[in-house]
Amino acid sequence: MDWDKYTVFSVLSGVCLIGAAFIPDNKATERLGAAVGGLAFIGYAWYAGHAISGAFYFPIWIFIMPFAALLYMGASLVERLSKATAVEATPAPHSDDRNR
């Protein structure tokens, strides 16, 4: 079993994508895509790490994906929190007793 930087980053990319699949306000298609992509990255890393011969291609995205997914998760969290605080800060409309 040979776990080099490529297989490790492929697993990290998969874990980050699976984490992104659990962001609450995302559409179902985004969540499914992130989960399937994460499982694909992890599966390919497992396959390549356990192979005893042959050459394997790892795209450059395995080095970018973990950081991009973390940025995306952070931006989604900030957006969700800002919406929650905006709703809490909005005053309730007052009834006008003069029109009765």
Side-chain angles (χ1 to χ4, degrees):
M1 187 164 89
D2 183 28
W3 287 85
D4 57 359
K5 64 184 174 192
Y6 298 106
T7 52
V8 170
F9 264 91
S10 186
V11 170
L12 285 175
S13 296
V15 169
C16 286
L17 280 174
I18 289 173
F22 290 101
I23 295 175
D25 293 334
N26 284 350
K27 297 176 187 173
T29 54
E30 292 173 343
R31 297 174 111 187
L32 181 64
V36 168
L39 290 174
F41 272 122
I42 291 171
Y44 190 69
W46 187 263
Y47 170 73
H50 285 85
I52 54 174
S53 66
F56 299 96
Y57 171 73
F58 285 93
I60 191 70
W61 290 105
I62 64 168
F63 297 109
I64 299 169
M65 189 66 66
F67 304 108
L70 289 174
L71 285 172
Y72 178 72
M73 286 187 282
S76 294
L77 180 64
V78 167
E79 180 182 344
R80 211 170 113 223
L81 290 176
S82 66
K83 282 182 184 178
T85 56
V87 168
E88 291 175 3
T90 305
H94 298 290
S95 63
D96 191 6
D97 293 332
R98 291 180 291 175
N99 294 333
R100 291 186 186 192

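Taking SG of C16 as the reference point, atom CZ of F41 lies at 10.5 Å (rounded to 0.5 Å). For the atom pair L39 CG and W46 CH2, the distance stands at 14.0 Å (nearest 0.5 Å).
Residue V36 belongs to a hydrophobic cluster whose other members are L32, with links defined by side-chain heavy atoms closer than 4.5 Å.
Every residue two or more places apart in sequence or in another chain was checked for a salt bridge (Lys or Arg N to Asp or Glu O under 4.0 Å) with E30, and none qualifies. By the side chain to side chain contact (heavy atoms under 4.5 Å, CB included) test, V15 is found to be paired with V11, I42, residues two or more places apart in sequence or in another chain being considered.
Linking Ile, Leu, Val, Met, Phe, Trp and Tyr residues whenever their side-chain heavy atoms come within less than 4.5 Å places I60 and Y44 in a single cluster.
In this structure, S10 contributes its side chain and Y6 its backbone to no donor-acceptor pair below 3.5 Å. Within the 3.5 Å criterion, the main-chain N or O of A45 finds no donor-acceptor partner in the side chain of T7.
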